[in-house]
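Data block below; observations after.
So that the names make sense, note that chain A is the first sequence line, chain B the second, and so on, each numbered from 1.
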There are 2 protein chains.
Amino acid sequence: MQQRSETTRAHILDAARKLFARSGYESASVDAICAEAGVSKGAFYHHFPTKQAIFLQLLENWLSGLETQLETAREGTENVAQVFVNMTALIPGIFRDADQRLPMFLEFWAQASRDKTVWDATISPYRRYRDFFAELIEQGVAEGTFREVNPQIAAEMIVSLAVGTLLQGLLDARGTDWQQTAIESMQIMMTGLAKEQK
Amino acid sequence: MQQRSETTRAHILDAARKLFARSGYESASVDAICAEAGVSKGAFYHHFPTKQAIFLQLLENWLSGLETQLETAREGTENVAQVFVNMTALIPGIFRDADQRLPMFLEFWAQASRDKTVWDATISPYRRYRDFFAELIEQGVAEGTFREVNPQIAAEMIVSLAVGTLLQGLLDARGTDWQQTAIESMQIMMTGLAKEQK
DNA sequence: AAAAACATACCGTCTGGTCGGTTTTTCACA
DNA sequence: TGTGAAAAACCGACCAGACGGTATGTTTTT
(Lines give C-alpha, C1' and ligand atoms only; values in the text may rest on other atoms or scores of the structure.)
Protein backbone atom coordinates (compact mmCIF):
# COMPACT_ATOMS: atom_id res chain seq x y z
CA MET A 1 0.00 0.00 0.00
CA GLN A 2 1.03 3.60 -0.57
CA GLN A 3 -0.25 4.69 2.82
CA ARG A 4 3.07 5.76 4.22
CA SER A 5 3.73 7.88 1.19
CA GLU A 6 0.41 9.65 1.45
CA THR A 7 0.82 10.34 5.15
CA THR A 8 4.22 11.86 4.57
CA ARG A 9 2.88 14.00 1.77
CA ALA A 10 0.05 15.23 3.97
CA HIS A 11 2.46 16.03 6.79
CA ILE A 12 4.60 18.09 4.44
CA LEU A 13 1.62 19.99 3.06
CA ASP A 14 0.34 20.70 6.54
CA ALA A 15 3.72 21.86 7.79
CA ALA A 16 4.18 24.09 4.77
CA ARG A 17 0.78 25.67 5.25
CA LYS A 18 1.58 26.40 8.89
CA LEU A 19 4.98 27.87 8.19
CA PHE A 20 3.91 29.91 5.18
CA ALA A 21 1.17 31.40 7.34
CA ARG A 22 3.52 32.05 10.23
CA SER A 23 6.55 33.45 8.50
CA GLY A 24 5.74 33.91 4.82
CA TYR A 25 6.71 32.13 1.66
CA GLU A 26 10.27 33.37 1.35
CA SER A 27 11.10 33.12 5.02
CA ALA A 28 9.74 29.62 5.46
CA SER A 29 12.73 27.52 4.43
CA VAL A 30 12.48 24.03 3.03
CA ASP A 31 14.60 22.84 5.94
CA ALA A 32 12.15 24.34 8.42
CA ILE A 33 9.19 22.78 6.64
CA CYS A 34 10.89 19.39 6.77
CA ALA A 35 11.66 19.80 10.45
CA GLU A 36 8.06 20.80 11.20
CA ALA A 37 6.79 17.84 9.21
CA GLY A 38 9.26 15.48 10.83
CA VAL A 39 10.67 14.25 7.52
CA SER A 40 13.93 14.60 5.68
CA LYS A 41 14.76 16.82 2.77
CA GLY A 42 14.93 13.76 0.58
CA ALA A 43 11.29 13.04 1.33
CA PHE A 44 10.34 16.59 0.52
CA TYR A 45 11.96 16.58 -2.88
CA HIS A 46 10.62 13.13 -3.54
CA HIS A 47 7.08 14.47 -3.31
CA PHE A 48 7.50 17.99 -4.70
CA PRO A 49 9.87 19.05 -7.46
CA THR A 50 10.40 22.57 -6.11
CA LYS A 51 9.37 24.82 -3.27
CA GLN A 52 7.00 26.64 -5.57
CA ALA A 53 5.21 23.40 -6.41
CA ILE A 54 4.05 22.96 -2.84
CA PHE A 55 2.93 26.58 -2.82
CA LEU A 56 0.81 26.00 -5.91
CA GLN A 57 -0.63 22.83 -4.44
CA LEU A 58 -1.77 24.69 -1.34
CA LEU A 59 -3.28 27.40 -3.49
CA GLU A 60 -5.19 24.85 -5.51
CA ASN A 61 -6.48 23.08 -2.41
CA TRP A 62 -7.74 26.23 -0.80
CA LEU A 63 -9.39 27.81 -3.80
CA SER A 64 -11.19 24.67 -4.86
CA GLY A 65 -12.38 24.21 -1.28
CA LEU A 66 -13.91 27.65 -1.31
CA GLU A 67 -15.62 26.91 -4.59
CA THR A 68 -17.19 23.78 -3.17
CA GLN A 69 -18.54 25.76 -0.24
CA LEU A 70 -20.10 28.32 -2.53
CA GLU A 71 -21.78 25.74 -4.70
CA THR A 72 -23.12 24.00 -1.63
CA ALA A 73 -24.77 27.25 -0.60
CA ARG A 74 -26.65 27.35 -3.88
CA GLU A 75 -27.67 23.72 -3.96
CA GLY A 76 -31.36 23.02 -3.74
CA THR A 77 -32.34 26.67 -3.55
CA GLU A 78 -34.94 28.18 -5.82
CA ASN A 79 -34.77 31.91 -5.12
CA VAL A 80 -31.78 34.17 -4.81
CA ALA A 81 -32.54 35.49 -1.37
CA GLN A 82 -32.25 31.96 -0.01
CA VAL A 83 -28.74 31.62 -1.46
CA PHE A 84 -27.55 34.76 0.27
CA VAL A 85 -29.04 33.58 3.55
CA ASN A 86 -27.13 30.32 3.16
CA MET A 87 -23.98 32.25 2.40
CA THR A 88 -24.40 34.32 5.54
CA ALA A 89 -24.31 31.08 7.44
CA LEU A 90 -20.92 30.31 5.90
CA ILE A 91 -19.33 33.49 7.19
CA PRO A 92 -18.28 32.27 10.65
CA GLY A 93 -16.46 29.31 9.15
CA ILE A 94 -14.72 31.45 6.58
CA PHE A 95 -13.53 33.87 9.23
CA ARG A 96 -12.36 31.01 11.40
CA ASP A 97 -10.14 29.70 8.62
CA ALA A 98 -9.05 33.13 7.52
CA ASP A 99 -6.61 33.81 10.33
CA GLN A 100 -4.64 30.79 9.28
CA ARG A 101 -4.82 31.31 5.57
CA LEU A 102 -5.04 34.96 4.75
CA PRO A 103 -1.41 35.94 5.20
CA MET A 104 -0.63 33.22 2.73
CA PHE A 105 -3.43 34.48 0.52
CA LEU A 106 -1.80 37.89 0.42
CA GLU A 107 1.41 36.31 -0.70
CA PHE A 108 -0.44 34.42 -3.37
CA TRP A 109 -1.76 37.65 -4.75
CA ALA A 110 1.53 39.46 -4.47
CA GLN A 111 3.20 36.61 -6.32
CA ALA A 112 0.36 36.32 -8.80
CA SER A 113 0.89 39.92 -9.85
CA ARG A 114 4.45 39.05 -10.83
CA ASP A 115 4.65 35.34 -11.59
CA LYS A 116 2.77 33.99 -14.59
CA THR A 117 2.48 30.47 -13.19
CA VAL A 118 0.96 31.64 -9.92
CA TRP A 119 -1.24 34.09 -11.79
CA ASP A 120 -2.72 31.34 -13.94
CA ALA A 121 -3.44 29.23 -10.89
CA THR A 122 -5.10 32.14 -9.13
CA ILE A 123 -7.06 33.76 -11.90
CA SER A 124 -9.20 30.88 -13.11
CA PRO A 125 -10.80 29.96 -9.78
CA TYR A 126 -11.23 33.64 -9.10
CA ARG A 127 -13.08 34.11 -12.38
CA ARG A 128 -15.31 31.21 -11.52
CA TYR A 129 -16.27 32.90 -8.24
CA ARG A 130 -17.05 36.04 -10.12
CA ASP A 131 -19.13 34.19 -12.70
CA PHE A 132 -20.92 32.36 -9.92
CA PHE A 133 -22.09 35.63 -8.43
CA ALA A 134 -22.87 37.13 -11.83
CA GLU A 135 -25.21 34.23 -12.54
CA LEU A 136 -26.80 34.72 -9.16
CA ILE A 137 -27.42 38.41 -9.81
CA GLU A 138 -28.78 37.66 -13.24
CA GLN A 139 -31.16 35.18 -11.69
CA GLY A 140 -32.20 37.80 -9.17
CA VAL A 141 -32.85 40.34 -11.88
CA ALA A 142 -34.94 37.80 -13.80
CA GLU A 143 -36.87 36.98 -10.63
CA GLY A 144 -37.58 40.64 -10.07
CA THR A 145 -35.66 40.69 -6.80
CA PHE A 146 -32.97 43.04 -8.10
CA ARG A 147 -32.94 46.19 -10.14
CA GLU A 148 -31.63 46.07 -13.70
CA VAL A 149 -27.97 46.24 -12.69
CA ASN A 150 -25.04 45.00 -14.71
CA PRO A 151 -24.51 41.46 -13.31
CA GLN A 152 -20.77 41.45 -13.98
CA ILE A 153 -20.23 44.67 -12.09
CA ALA A 154 -22.45 43.64 -9.20
CA ALA A 155 -20.54 40.36 -9.00
CA GLU A 156 -17.25 42.22 -8.90
CA MET A 157 -18.66 44.35 -6.13
CA ILE A 158 -19.58 41.31 -4.07
CA VAL A 159 -16.11 39.83 -4.44
CA SER A 160 -14.52 43.17 -3.59
CA LEU A 161 -16.59 43.45 -0.49
CA ALA A 162 -15.75 39.91 0.59
CA VAL A 163 -12.04 40.27 -0.04
CA GLY A 164 -11.85 43.70 1.54
CA THR A 165 -13.73 42.65 4.65
CA LEU A 166 -11.57 39.56 5.10
CA LEU A 167 -8.41 41.59 4.73
CA GLN A 168 -9.52 44.15 7.26
CA GLY A 169 -10.52 41.36 9.59
CA LEU A 170 -7.03 39.96 9.24
CA LEU A 171 -5.27 43.23 9.75
CA ASP A 172 -7.34 44.63 12.58
CA ALA A 173 -8.49 41.42 14.16
CA ARG A 174 -9.38 42.63 17.61
CA GLY A 175 -10.83 46.01 16.72
CA THR A 176 -14.29 45.04 15.52
CA ASP A 177 -16.79 42.25 15.22
CA TRP A 178 -16.02 41.52 11.60
CA GLN A 179 -18.68 38.92 11.17
CA GLN A 180 -21.27 41.51 12.10
CA THR A 181 -19.68 43.96 9.68
CA ALA A 182 -19.75 41.36 6.92
CA ILE A 183 -23.42 40.67 7.47
CA GLU A 184 -24.47 44.30 7.69
CA SER A 185 -22.39 45.27 4.67
CA MET A 186 -24.11 42.57 2.73
CA GLN A 187 -27.47 43.91 3.83
CA ILE A 188 -26.61 47.44 2.77
CA MET A 189 -25.47 46.12 -0.59
CA MET A 190 -28.63 44.05 -0.98
CA THR A 191 -30.72 47.13 -0.24
CA GLY A 192 -28.82 48.97 -2.95
CA LEU A 193 -29.46 46.16 -5.39
CA ALA A 194 -33.08 45.51 -4.46
CA LYS A 195 -35.89 46.54 -6.75
CA GLU A 196 -38.50 47.64 -4.23
CA GLN A 197 -37.66 49.41 -1.02
CA LYS A 198 -39.84 48.94 1.98
CA MET B 1 24.45 72.41 1.91
CA GLN B 2 23.09 68.90 2.31
CA GLN B 3 21.73 68.75 -1.22
CA ARG B 4 23.85 65.82 -2.32
CA SER B 5 22.75 63.84 0.67
CA GLU B 6 19.08 64.46 -0.02
CA THR B 7 19.39 63.57 -3.67
CA THR B 8 21.08 60.30 -2.84
CA ARG B 9 18.43 59.49 -0.29
CA ALA B 10 15.70 60.21 -2.80
CA HIS B 11 17.42 58.03 -5.40
CA ILE B 12 17.60 55.15 -2.96
CA LEU B 13 13.95 55.48 -1.97
CA ASP B 14 12.86 55.61 -5.57
CA ALA B 15 14.94 52.61 -6.56
CA ALA B 16 13.63 50.63 -3.60
CA ARG B 17 10.04 51.43 -4.50
CA LYS B 18 10.63 50.27 -8.06
CA LEU B 19 12.33 47.04 -7.10
CA PHE B 20 9.93 46.15 -4.29
CA ALA B 21 7.09 46.55 -6.76
CA ARG B 22 8.86 44.55 -9.44
CA SER B 23 10.22 41.63 -7.46
CA GLY B 24 8.91 41.87 -3.92
CA TYR B 25 10.44 42.80 -0.60
CA GLU B 26 12.48 39.66 -0.02
CA SER B 27 13.65 39.25 -3.58
CA ALA B 28 14.74 42.84 -4.01
CA SER B 29 18.25 42.72 -2.58
CA VAL B 30 20.04 45.67 -1.08
CA ASP B 31 22.72 45.24 -3.72
CA ALA B 32 20.13 45.50 -6.48
CA ILE B 33 18.57 48.58 -4.91
CA CYS B 34 21.98 50.23 -4.72
CA ALA B 35 22.72 49.36 -8.34
CA GLU B 36 19.37 50.75 -9.48
CA ALA B 37 19.94 53.91 -7.47
CA GLY B 38 23.50 54.23 -8.72
CA VAL B 39 25.01 54.40 -5.26
CA SER B 40 27.16 52.16 -3.12
CA LYS B 41 26.17 49.96 -0.28
CA GLY B 42 27.93 52.29 2.08
CA ALA B 43 25.62 55.09 1.03
CA PHE B 44 22.60 52.90 1.56
CA TYR B 45 23.53 52.00 5.11
CA HIS B 46 24.52 55.57 5.79
CA HIS B 47 20.93 56.66 5.14
CA PHE B 48 18.98 53.66 6.42
CA PRO B 49 19.91 51.44 9.35
CA THR B 50 18.32 48.30 7.89
CA LYS B 51 16.45 47.11 4.86
CA GLN B 52 13.24 47.17 6.84
CA ALA B 53 13.71 50.85 7.63
CA ILE B 54 13.44 51.80 3.99
CA PHE B 55 10.36 49.63 3.70
CA LEU B 56 8.73 51.48 6.60
CA GLN B 57 9.69 54.83 5.12
CA LEU B 58 7.97 53.95 1.84
CA LEU B 59 4.91 52.78 3.72
CA GLU B 60 4.76 56.03 5.65
CA ASN B 61 5.15 58.14 2.51
CA TRP B 62 2.41 56.35 0.65
CA LEU B 63 -0.17 56.21 3.41
CA SER B 64 0.24 59.83 4.40
CA GLY B 65 -0.07 60.81 0.75
CA LEU B 66 -3.38 58.99 0.49
CA GLU B 67 -4.60 60.73 3.59
CA THR B 68 -3.80 64.12 2.13
CA GLN B 69 -5.79 63.26 -0.99
CA LEU B 70 -8.80 62.25 1.05
CA GLU B 71 -8.76 65.39 3.12
CA THR B 72 -8.46 67.48 0.00
CA ALA B 73 -11.65 65.86 -1.28
CA ARG B 74 -13.50 67.04 1.80
CA GLU B 75 -12.12 70.53 1.89
CA GLY B 76 -14.60 73.34 1.33
CA THR B 77 -17.57 71.01 0.92
CA GLU B 78 -20.75 71.46 2.86
CA ASN B 79 -22.81 68.36 2.08
CA VAL B 80 -21.79 64.73 2.02
CA ALA B 81 -22.86 64.03 -1.54
CA GLN B 82 -20.36 66.61 -2.75
CA VAL B 83 -17.52 64.83 -0.96
CA PHE B 84 -18.31 61.56 -2.67
CA VAL B 85 -18.49 63.28 -6.03
CA ASN B 86 -15.03 64.73 -5.36
CA MET B 87 -13.77 61.31 -4.36
CA THR B 88 -15.05 59.83 -7.59
CA ALA B 89 -12.84 62.30 -9.38
CA LEU B 90 -9.85 60.90 -7.49
CA ILE B 91 -10.40 57.37 -8.73
CA PRO B 92 -8.52 57.59 -12.04
CA GLY B 93 -5.42 58.89 -10.30
CA ILE B 94 -5.57 56.22 -7.64
CA PHE B 95 -5.84 53.48 -10.23
CA ARG B 96 -2.99 54.99 -12.21
CA ASP B 97 -0.71 54.75 -9.17
CA ALA B 98 -2.03 51.39 -8.10
CA ASP B 99 -0.22 49.29 -10.68
CA GLN B 100 3.05 50.52 -9.32
CA ARG B 101 2.23 50.35 -5.66
CA LEU B 102 -0.25 47.59 -5.00
CA PRO B 103 2.08 44.61 -5.11
CA MET B 104 4.09 46.40 -2.49
CA PHE B 105 0.90 47.15 -0.60
CA LEU B 106 0.12 43.46 -0.47
CA GLU B 107 3.51 42.83 1.01
CA PHE B 108 2.91 45.55 3.56
CA TRP B 109 -0.21 43.80 4.69
CA ALA B 110 1.32 40.37 4.66
CA GLN B 111 4.18 41.68 6.77
CA ALA B 112 1.85 43.69 9.00
CA SER B 113 0.00 40.53 9.94
CA ARG B 114 3.23 39.07 11.30
CA ASP B 115 5.55 41.92 12.24
CA LYS B 116 4.55 44.20 15.10
CA THR B 117 6.61 47.14 13.82
CA VAL B 118 5.05 47.05 10.37
CA TRP B 119 1.64 46.50 11.91
CA ASP B 120 1.92 49.63 14.02
CA ALA B 121 2.95 51.68 11.00
CA THR B 122 0.04 50.32 8.97
CA ILE B 123 -2.75 50.32 11.47
CA SER B 124 -2.78 53.94 12.59
CA PRO B 125 -3.18 55.56 9.16
CA TYR B 126 -5.68 52.87 8.29
CA ARG B 127 -7.75 53.73 11.35
CA ARG B 128 -7.65 57.36 10.37
CA TYR B 129 -9.13 56.49 6.97
CA ARG B 130 -11.86 54.52 8.66
CA ASP B 131 -12.62 57.33 11.07
CA PHE B 132 -12.64 59.78 8.20
CA PHE B 133 -15.41 57.85 6.49
CA ALA B 134 -17.26 57.24 9.74
CA GLU B 135 -17.41 60.98 10.32
CA LEU B 136 -18.65 61.44 6.80
CA ILE B 137 -21.42 58.90 7.25
CA GLU B 138 -22.37 60.42 10.56
CA GLN B 139 -22.63 63.80 8.88
CA GLY B 140 -24.79 62.26 6.15
CA VAL B 141 -27.11 60.71 8.72
CA ALA B 142 -27.41 64.04 10.51
CA GLU B 143 -28.13 65.76 7.21
CA GLY B 144 -30.87 63.28 6.45
CA THR B 145 -29.05 61.98 3.39
CA PHE B 146 -28.47 58.52 4.86
CA ARG B 147 -30.54 56.06 6.81
CA GLU B 148 -29.76 55.47 10.47
CA VAL B 149 -26.89 53.10 9.80
CA ASN B 150 -23.99 52.40 12.14
CA PRO B 151 -21.32 54.84 10.91
CA GLN B 152 -18.42 52.60 11.93
CA ILE B 153 -19.76 49.65 9.99
CA ALA B 154 -20.61 51.71 6.93
CA ALA B 155 -17.10 53.15 7.03
CA GLU B 156 -15.60 49.68 7.18
CA MET B 157 -17.74 48.75 4.22
CA ILE B 158 -16.42 51.66 2.18
CA VAL B 159 -12.82 50.76 2.94
CA SER B 160 -13.49 47.11 2.14
CA LEU B 161 -15.00 48.03 -1.17
CA ALA B 162 -12.09 50.29 -2.03
CA VAL B 163 -9.44 47.79 -1.06
CA GLY B 164 -11.21 44.88 -2.74
CA THR B 165 -11.74 46.76 -5.97
CA LEU B 166 -8.14 47.88 -6.10
CA LEU B 167 -6.91 44.35 -5.49
CA GLN B 168 -9.08 42.92 -8.21
CA GLY B 169 -7.95 45.67 -10.53
CA LEU B 170 -4.38 44.67 -9.78
CA LEU B 171 -4.92 40.97 -10.23
CA ASP B 172 -7.13 41.02 -13.29
CA ALA B 173 -5.90 44.21 -14.84
CA ARG B 174 -7.03 43.74 -18.39
CA GLY B 175 -10.32 41.96 -17.78
CA THR B 176 -12.60 44.86 -16.90
CA ASP B 177 -12.91 48.59 -16.76
CA TRP B 178 -12.21 48.83 -13.07
CA GLN B 179 -12.77 52.51 -12.80
CA GLN B 180 -16.29 51.99 -14.06
CA THR B 181 -16.77 49.16 -11.57
CA ALA B 182 -15.51 51.36 -8.76
CA ILE B 183 -17.94 54.11 -9.64
CA GLU B 184 -20.95 51.85 -10.08
CA SER B 185 -20.18 49.92 -6.90
CA MET B 186 -20.09 53.18 -5.06
CA GLN B 187 -23.46 54.12 -6.52
CA ILE B 188 -25.02 50.82 -5.49
CA MET B 189 -23.66 51.29 -2.01
CA MET B 190 -24.94 54.85 -1.85
CA THR B 191 -28.37 53.66 -2.89
CA GLY B 192 -28.23 51.13 -0.08
CA LEU B 193 -27.31 53.83 2.39
CA ALA B 194 -29.68 56.51 1.14
CA LYS B 195 -32.76 57.45 3.11
CA GLU B 196 -35.26 58.07 0.32
CA GLN B 197 -35.37 56.04 -2.86
CA LYS B 198 -36.50 57.63 -6.05
C1' DA C 1 14.81 -8.32 -6.83
C1' DA C 2 12.95 -4.20 -8.49
C1' DA C 3 11.06 0.06 -7.31
C1' DA C 4 9.36 3.36 -4.47
C1' DA C 5 10.16 6.02 -0.27
C1' DC C 6 13.13 8.18 2.57
C1' DA C 7 17.68 9.86 4.80
C1' DT C 8 21.95 12.77 4.98
C1' DA C 9 25.91 15.01 3.71
C1' DC C 10 27.12 18.40 0.64
C1' DC C 11 27.46 22.42 -2.87
C1' DG C 12 27.32 26.84 -5.24
C1' DT C 13 25.10 30.97 -4.66
C1' DC C 14 23.23 34.79 -2.69
C1' DT C 15 21.99 37.73 1.31
C1' DG C 16 21.93 41.52 4.81
C1' DG C 17 25.07 43.77 7.10
C1' DT C 18 30.03 45.42 8.53
C1' DC C 19 34.27 47.91 8.39
C1' DG C 20 38.24 50.50 7.26
C1' DG C 21 39.36 53.79 4.11
C1' DT C 22 38.50 57.87 0.79
C1' DT C 23 36.14 61.88 -0.91
C1' DT C 24 33.24 65.80 -0.32
C1' DT C 25 30.95 69.31 2.46
C1' DT C 26 30.65 72.39 6.30
C1' DC C 27 32.00 76.00 9.27
C1' DA C 28 34.89 78.41 12.76
C1' DC C 29 38.41 81.45 12.56
C1' DA C 30 42.11 84.07 10.50
C1' DT D 1 37.46 85.71 1.60
C1' DG D 2 40.58 82.06 2.13
C1' DT D 3 41.76 77.91 4.82
C1' DG D 4 42.14 73.78 7.28
C1' DA D 5 40.33 70.49 10.15
C1' DA D 6 36.36 68.11 11.69
C1' DA D 7 32.26 65.92 10.23
C1' DA D 8 29.30 64.07 7.03
C1' DA D 9 28.73 61.38 2.90
C1' DC D 10 30.20 57.79 0.30
C1' DC D 11 32.83 53.65 -1.42
C1' DG D 12 33.63 48.65 -2.14
C1' DA D 13 35.80 44.55 -0.46
C1' DC D 14 34.55 41.31 2.75
C1' DC D 15 31.99 37.98 5.97
C1' DA D 16 29.27 34.49 8.21
C1' DG D 17 25.37 32.17 7.53
C1' DA D 18 21.31 30.62 5.28
C1' DC D 19 19.12 29.14 1.21
C1' DG D 20 17.18 25.86 -2.55
C1' DG D 21 18.49 22.07 -4.63
C1' DT D 22 21.41 17.65 -5.66
C1' DA D 23 23.77 13.26 -5.32
C1' DT D 24 24.34 9.16 -3.30
C1' DG D 25 23.26 5.81 -0.20
C1' DT D 26 19.83 3.13 2.82
C1' DT D 27 15.40 1.33 4.17
C1' DT D 28 10.83 -0.13 3.22
C1' DT D 29 7.16 -1.65 0.26
C1' DT D 30 5.53 -4.24 -3.77
Separation of atom CD in A:Glu6 from atom P in C:dA5, rounded to whole Å: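 Interatomic distance, CD of A:Glu6 to P of C:dA5: 10 Å.
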Where at least one partner belongs to residues 11-20 of chain B, residue pairs that pass salt bridge (charged side-chain N to carboxylate O under 4.0 Å, His left out), sequence neighbours excluded: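 The answer is B:Asp14-B:Arg17, B:Lys18-B:Glu36.
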Residue pairs fulfilling salt bridge (charged side-chain N to carboxylate O under 4.0 Å, His left out) with at least one residue in residues 74-84 of chain B, sequence neighbours excluded: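 Listed once each, the pairs are B:Arg74-B:Glu135.
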Selection: residues 40-57 of chain A, any non-hydrogen atom under 4.0 Å of DNA chain C: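 Close to the strand are A:Ser40, A:Lys41, A:Gly42, A:Ala43, A:His46, A:His47.
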Any residue of residues 19-31 of chain A with a heavy atom less than 4.0 Å from an atom of DNA chain C: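 None - not one residue of the stretch has a heavy atom sitting under 4.0 Å from the strand.
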Under-4.0 Å side-chain N/O to phosphate OP1/OP2 contact, B:Thr8 with D:dC10: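 For D:dC10, OP1 or OP2 has a side-chain N or O of B:Thr8 closer than 4.0 Å.
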Polar side-chain atom of A:Ser113 near backbone of A:Ala110 as donor-acceptor pair, under 3.5 Å: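 Confirmed, A:Ser113 side chain pairs with A:Ala110 backbone.
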Check: B:Trp178 side chain, B:Asp172 main-chain N or O, donor-acceptor pair, under 3.5 Å: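 Between the backbone of B:Asp172 and the side chain of B:Trp178 there is a qualifying donor-acceptor contact (under 3.5 Å).
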Note, B:Val163 side chain near A:Gln168 side chain (heavy atom, < 4.5 Å):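 A side-chain contact is absent here, since even the closest heavy-atom pair is not under 4.5 Å.
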Exercise: do A:Glu143 and A:Thr145 side chains pair donor with acceptor under 3.5 Å: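 Yes, a side-chain donor-acceptor pair sits under 3.5 Å.
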Residue pairs passing the ring pair (Phe, Tyr, Trp, His ring centres under 6.0 Å) test where at least one lies in residues 14-44 of chain A, sequence neighbours excluded: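 Non-adjacent pairs meeting ring pair (Phe, Tyr, Trp, His ring centres under 6.0 Å): A:Phe20-A:Tyr25, A:Tyr25-A:Phe55, A:Phe44-A:Phe48.
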Where at least one partner belongs to residues 116-151 of chain A, residue pairs that pass ring pair (Phe, Tyr, Trp, His ring centres under 6.0 Å), sequence neighbours excluded: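 Of all non-adjacent pairs touching residues 116-151 of chain A, none passes ring pair (Phe, Tyr, Trp, His ring centres under 6.0 Å).
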